[in-house]
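To keep things clear, I will list the structure first and then write my remarks on it.
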Amino acid sequence: MTTLANPTTFDVAALRADFPILGREVNGHPLVYLDSANTSQKPRQVLEVMRAHHERHNGNVSRSVHTLGTEATLAYEGAREKVAAFVNAPSASEVVFGKNSTEAINLVAYAFSNASASAGGDPRFRLGPGDEIVVSEMEHHSNLVPWQLLCERTGATLRWFSLTEEGRLDESSLTELVNERTKLVSVVHMSNILGTINDPSRIVARAREVGALVMLDCSQSVPHLPVDVQALGVDFIAFTGHKMLGPTGIGVLWGRGELLEAMPPVFGGGSMIETVTMAGSTFAPAPARFEAGTPPIVEAVGLGAAIDYLSDLGMAAVQAHEQEITAYALDALSSVPTLQIFGPAVVEGRGGTISFALEGIHPHDVGQVLDDEGVEVRVGHHCARPVCVRYGVPATTRASFYVYTTTEEVDALVRGLERVRKVFG
Amino acid sequence: MTTLANPTTFDVAALRADFPILGREVNGHPLVYLDSANTSQKPRQVLEVMRAHHERHNGNVSRSVHTLGTEATLAYEGAREKVAAFVNAPSASEVVFGKNSTEAINLVAYAFSNASASAGGDPRFRLGPGDEIVVSEMEHHSNLVPWQLLCERTGATLRWFSLTEEGRLDESSLTELVNERTKLVSVVHMSNILGTINDPSRIVARAREVGALVMLDCSQSVPHLPVDVQALGVDFIAFTGHKMLGPTGIGVLWGRGELLEAMPPVFGGGSMIETVTMAGSTFAPAPARFEAGTPPIVEAVGLGAAIDYLSDLGMAAVQAHEQEITAYALDALSSVPTLQIFGPAVVEGRGGTISFALEGIHPHDVGQVLDDEGVEVRVGHHCARPVCVRYGVPATTRASFYVYTTTEEVDALVRGLERVRKVFG
Amino acid sequence: MQFDQLYQEIILEHYKRPHGRGLREPFGGEAHHVNPTCGDEVTIRVAVAGEKLADVSYEGMGCSISQASASVLHDLLTDQPVGEALKVHDAFVELMQGRGQVEPDEELLGDGVAFSGVARYPARVKCALLPWMAFKDAAVRAGVVVGPEVKA
Amino acid sequence: MQFDQLYQEIILEHYKRPHGRGLREPFGGEAHHVNPTCGDEVTIRVAVAGEKLADVSYEGMGCSISQASASVLHDLLTDQPVGEALKVHDAFVELMQGRGQVEPDEELLGDGVAFSGVARYPARVKCALLPWMAFKDAAVRAGVVVGPEVKA
Ligand SMILES: Cc1ncc(COP(=O)(O)O)c(C=O)c1O
Ligand SMILES: Cc1ncc(COP(=O)(O)O)c(C=O)c1O
């Protein structure tokens, strides 16, 4: 692990040695990985913890009295405690593990429909015609489609915040949009396409006035900046392991304890029950109630190791590093002729994810030429098609940064874009 | 890899060297792992493939044109093809990845409720009062509770096969139980508590007569015996990676192509869409339609490696080995005074999972003493509480075997049971 | 050895010859608890008379640890002043959740001290606590005012 | 070099100066296809006159590969006998799905041969196939009888 005395900075060059994949070549060039908003790379510390778990402590959890089962359970529950501490949750029992952010969001959506379908459902989760759910035009499909489907199932209405030209949430209609009919507001904390970081404080305040719940999609924020659920004042957040140095197959729903207790089960199966008879079953308290079946054990352990790694760096330092790279990149990209940035043009209130267009050149072609230079960026609608529609493009090219990103890599991107313009100019 | 010329056998001692954890000690004794029905151990071949994926090819799938993304996608889709071939599915597009068996079963259950809630739902998936779902008293909670919850949501009625004294499905009431009102029969292929292997052929034939769908919970069968979905003639099967030498966090739903096409989406999010607008979305064909969000990529790759390992051994040989061990164990256990076996007492029509009781001694205490000897067995209701109720016990002790199990380990179990009787006799 | 600390003679004694077993009348509150992972069950009844617990009776089915724990609970709490009983309860819970780091108070816990070794077996802590959690619920139902929830 | 095989001059030429672009009347069938991962779109119209495809017109928005592919499709299929056009279609699909292992038939595929290199880029195969898949749907809607589905 590569931390320095100064808590707000770390040695990126030294840290890169922790990431085996950064040593590989792509098409004869050193890998320049600028697609961390899509999925991050993993340090060997994480891989080693996972391997050690497999080679020493593998057993199923919460089901065995034997030593391996006990060790596996301690490791799994230890990961839950690390997650809770990382986002300053009051209790580890407020942390529900699932396979990704998408599942976490869908879990809440199905808790709403199950509560709505049953007579005894908690009123905060009961939805029907006339009720409203509010999202934004900035959502990842994973924080949009689940609510569209929920509205279809329940007859509720979906409404949304629009976006400003600068790529920010347009909160001018807040009081009209979030009103007495609103049961839930679910918005993204940091946009995966525009890089925008939303401050949810006004939304939370308004939601409290009208008695609506608030969910924050923290898939892009928890990996990149300090997140404190108590300071945010929201009711639910979702995030995903693979974007924060952890493995795929693990995601987190955090929810306020009393809300989780009020939510009906969604998935049935092993480990979420209290007692089962053929005629009917009763259910365990949260978080077990929402973790049916064998959970992603080694994946949770890997996420715990990723959190250790990030905590050692310090999330303030992680964010400071990305701000530096982002400022450098915004500046460097502005030197590329015909390049247009979507989203905030300044480093304030944004993270290290930059979407752009080169006039007249399709993102697929941009990405392909860059890949030929070893520069890996994402092209497409980034699972946020309404944002593309909003800004009148079918797709964008996106570069995204993380703890291991260097200014030299940004330079390689800019050089690559010159070649793109040569091939397609 | 440790295969021998004779296709129906392999060298267990040599194979054990592939499993790093088998070299460890527990409470000062060599580990004797007899809990594979709970979760299996992993050979280094699987761990190495996963590590290599992380260190060389990690990227998100189906979203990038870049080299890492393409490599990751090929690895992920390659795993899908391996899974399809392993269970003789006609097409890889019939394989849906999720996080475990439990999710696979719940996915089908929610497809039923979503189809039932929408006017245009396919009639085969529409459920309401008067319709029936049939399970058995032998189910794991994961193939029972989802159907209980589905019946609550839709008003349908849950019915079940009972069990014979010998631990077999009582099919005497088949024609009455599976009738014109039946929409789905979902039963376990191999019981995780009794070891019973069910032959679904009569149930399938009857279901076809009345137009019901058939799901088979293959969580315990796919790891331990050759499974051919076309020969079984069922509509859906579910199984789980961690019980078949693969990692946690990966499970499989196989479904007949035309049924998957007829099923509405369950989870919304990235990668399951065709096109998204704020006002509404359309959805991708199966399997993508059922894989919302970033899937368990490295876990699928690990499962693919596990399938390679099992295929190299040959599933017929795997089953033959377990039959041998099971015959040996049934014999050895019958020598232990006051020991009672639940489930078939003969090796025919059963797998290598044996539940038993020692008169007057609670399974927790049995398991604890065995653990002190390094012998890891599971104790409890094994997520199949109705089976315990059926046989009048609160819990059982269960020993379960796999490719790496030896007769010496069975001997260690029997010696351990002697000590149990000394401590609590 | 760790294992012998788990199954101390005292525990095995209470298990084989439980004290005060059986559900008795009259009682002010009753609670039934189940350990969902293993199906162990216990029912506890609490009878309050004035400032005292006149009787703590129980019935259950489960492993040696949970059954011995119920027997010890009966011994320790019956006839105790309410405040004292709750102190014992809290001390026992603290001991069990201490992962083997808590020094037990012999004065307060009597035979309960024998459960120190259980605290090193996370999977068994729930067994030992089962009757104590049920006791607390039963006491509340019998009108006893107790402090904030303790989680097992 | 692999990359130069992807972006062959012919492809870039078709991309920059597409042939026969624009949706024309009359037509017998139309289909609109979208690539869900990138949002590329194409609309194809097919006009059948007797045994021949009198016109294959198109409009679309997308990358060089998908747009050039539409232009080449127009060149290859317009004015062709129906049977011949379907043969060309099948040969192109086979080439694209061949992972670079299929030897293209120059006679049949003309400028389409330039797409051989695309087959080595799994992520781009869908781009090249987009207009061809839409063409097939449009042809069916125009009354053309075609063989079994080919999957992209
Ligand atoms: C028969 C059976 N069905 C379903 C399951 C559930 O599998 P998982 O916990 O991986 O979802 C299991 C194992 O726990 C099982 O043995
Ligand atoms: C903002 C946002 N929300 C949700 C998701 C979904 O995460 P996952 O695919 O891990 O479920 C992503 C990433 O893909 C994202 O960037």
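Note that the structure is a prediction, hence the values are computed from the model and not measured. So you know, we letter chains A, B, ... as the sequences are listed, proteins then strands, and number each from 1.
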* Asked: Take atom CD in D:Glu103; do more than 12 heavy atoms of anything else shown fall under 6.0 Å from it?
  -> no
Please determine whether the number of non-hydrogen atoms from other residues, nucleotides or ligands lying under 6.0 Å from atom NZ of D:Lys87 exceeds 12.
no
Check your understanding: How many angstroms lie between CD in A:Gln368 and OH in D:Tyr121, if you round to the nearest 0.5 Å?
Key ->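 Answer for the CD-OH pair, A:Gln368 versus D:Tyr121, is 5.5 Å.
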Between the NE2 atom in A:His362 and the SG atom in D:Cys127, the distance rounded to the nearest 0.5 Å is 7.5 Å
Assert top hit (heavy-atom pairs under 4.5 Å, partner chain D, pool A:Val369, A:Asn27, A:Asp371) equals A:Val369
query = Checking side chain to side chain contact (heavy atoms under 4.5 Å, CB included) for the pair A:His364/D:Ile65: CA distance, chi angles, key distance, verdict?
reply = CA-CA 9 Å; A:His364 260 187; D:Ile65 304 292; over 6 Å; no
Turns out that what part of D:Glu41 lies under 4.5 Å from chain A's heavy atoms comes down to side chain
**Request:** Begin from the C-alpha positions of A:Asp365 and D:Arg124 and carry the test side chain to side chain contact (heavy atoms under 4.5 Å, CB included) through to its verdict.
**Result:** CA-CA 10 Å; A:Asp365 295 316; D:Arg124 304 306 295 279; 3.3 Å; yes
Is chain D contacted by the side chain of A:Val423, its backbone, both, or neither, given a heavy-atom distance below 4.5 Å?
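Both backbone and side chain.
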Review point. How far apart are the closest heavy atoms of D:Tyr15 and A:Gly360, and which atoms are they?
Key: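 Of all heavy-atom pairs spanning D:Tyr15 and A:Gly360, the closest is OH-O, 3.5 Å.
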